[in-house]
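Okay, structure first, notes after.
For clarity, every value in this text was computed on a predicted model and none was experimentally measured.
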Amino acid sequence: QVQLVESGGGLVQAGGSLKLSCAASGRTFSSYAMGWFRQAPGKEREFVAHISWSGGRTYYADSVKGRFTISRDNAKTTVYVQMNSLKPEDTAVYYCAIVRTPFYSGTYYYANEYDYWGQGTQVTVSS
């Protein structure tokens, strides 16, 4: 059974930083691309960042490009997102997810490309 467990959320002032982690188990982690999504109150879940199975390719939503960095440690079966220069509009529950198929290289911003999700971690940015 695949399990994804996020950690690292919290309350931070605008301009601050947080690093989220997502520990994965139940699948050959190094063969699967991973993504981060977020959902703010009253809004739909939206794509944040994606990293290929090898870590060689990364993609970001325009709203976080230049501020967030996604990375992975295949030895630790963990994916991270470093979030800098946080803004109040970054406030949301952040979810990590794993794609359905190994060595996936297709689209990355649709939630239905991912089949397992973590429980989410709250990030609150105060102004």
Worksheet item: Can you name the nearest heavy-atom pair linking G120 to V93, along with the distance?
Response: CA-CG1, 3.8 Å
Worksheet item: To the nearest 0.5 Å, how far apart are CD in Q13 and OG1 in T124?
Response: 13.0 Å
Response to the item:
Correct closest heavy-atom pair for Q1 and Y116 would be NE2-CE2, 4.0 Å
Validation: residues 23-30 side-chain donor-acceptor distances under 3.5 Å, sequence neighbours left out:
| unit_1 | atom_1 | unit_2 | atom_2 | d |
| --- | --- | --- | --- | --- |
| R27 | NH1 | V99 | O | 2.9 |
| R27 | NH1 | D115 | OD1 | 3.0 |
| R27 | NH2 | D115 | OD2 | 3.0 |

Practice prompt. Check whether the side chains of N84 and S17 place a donor and an acceptor atom closer than 3.5 Å, and report yes or no.
Written response: yes
Response to the item:
Taken to the nearest 0.5 Å, the spacing of S54 OG from N74 CG works out to 8.5 Å
Worksheet, complete the sentence: Given the options F47, Y109, Y108, Y59 meets ring-ring contact (aromatic ring centres under 6.0 Å, His included) only with Y108
Worksheet item: If we ignore angles and hydrogens, is there a donor and acceptor under 3.5 Å between the side chains of S71 and Q82?
Response: no
Worksheet item: Going only through I, L, V, M, F, W and Y residues with side-chain contacts under 4.5 Å, is there a path from V5 to L20?
Response: no
Worksheet entry | Within residues 40-59 or reaching into it, pairs that qualify as salt bridge (charged side-chain N to carboxylate O under 4.0 Å, His left out) - sequence neighbours excluded | R38-E46
Item to complete: For E6 and S21, run side chain to side chain donor-acceptor pair (under 3.5 Å): C-alpha distance rounded to whole Å, both residues' side-chain angles, the deciding distance at 0.1 Å, then the answer.
Response: CA-CA 5 Å; E6 301 100 335; S21 301; over 6 Å; no
Item to complete: Test ring-ring contact (aromatic ring centres under 6.0 Å, His included) on W117 and F37 and set out the steps.
Response: CA-CA 10 Å; W117 297 77; F37 287 72; 5.0 Å; yes
Item to complete: Taking T101 for its side chain and Y104 for its backbone only, find out whether a donor-acceptor pair lies under 3.5 Å.
Response: no
Item to complete: To the nearest 0.5 Å, tell me how far T58 OG1 sits from M34 CE.
Response: 14.5 Å
Fill in: Q3 atom CD, over 12 foreign heavy atoms within 6.0 Å
no
Worksheet item: Does the ring-ring contact (aromatic ring centres under 6.0 Å, His included) test come out yes or no for Y32 and W53, once each step is laid out?
Response: CA-CA 5 Å; Y32 288 83; W53 57 273; 10.0 Å; no
Worksheet item: Would you call D62 and K65 a salt bridge, using N to O less than 4.0 angstrom?
Response: yes
Discussion item. I'd like to check V79 versus I51 (side-chain heavy atoms, cut-off strictly below 4.5 Å). Are they in contact?
Written reply: yes
Worksheet item: Under 4.5 Å between any side-chain heavy atoms of Y94 and M83, yes or no?
Response: yes
Practice prompt. Decide yes or no for V123 and T91: does some side-chain heavy atom of the first lie under 4.5 Å from some side-chain heavy atom of the second?
Written response: no
Worksheet item: Hey, what do you get for CH2 (W36) to OH (Y80), rounding to the nearest 0.5 Å?
Response: 10.5 Å
Worksheet item: Taking only residues at least two apart or on different chains, which pairs with a member in residues 30-63 satisfy disulfide (SG to SG under 2.5 Å)?
Response: none
Practice prompt. Output, in order, the C-alpha distance, side-chain angles, deciding distance and verdict of side-chain contact (heavy atoms from CB on, under 4.5 Å) for R67 and D90.
Written response: CA-CA 11 Å; R67 299 188 298 121; D90 294 318; 2.7 Å; yes
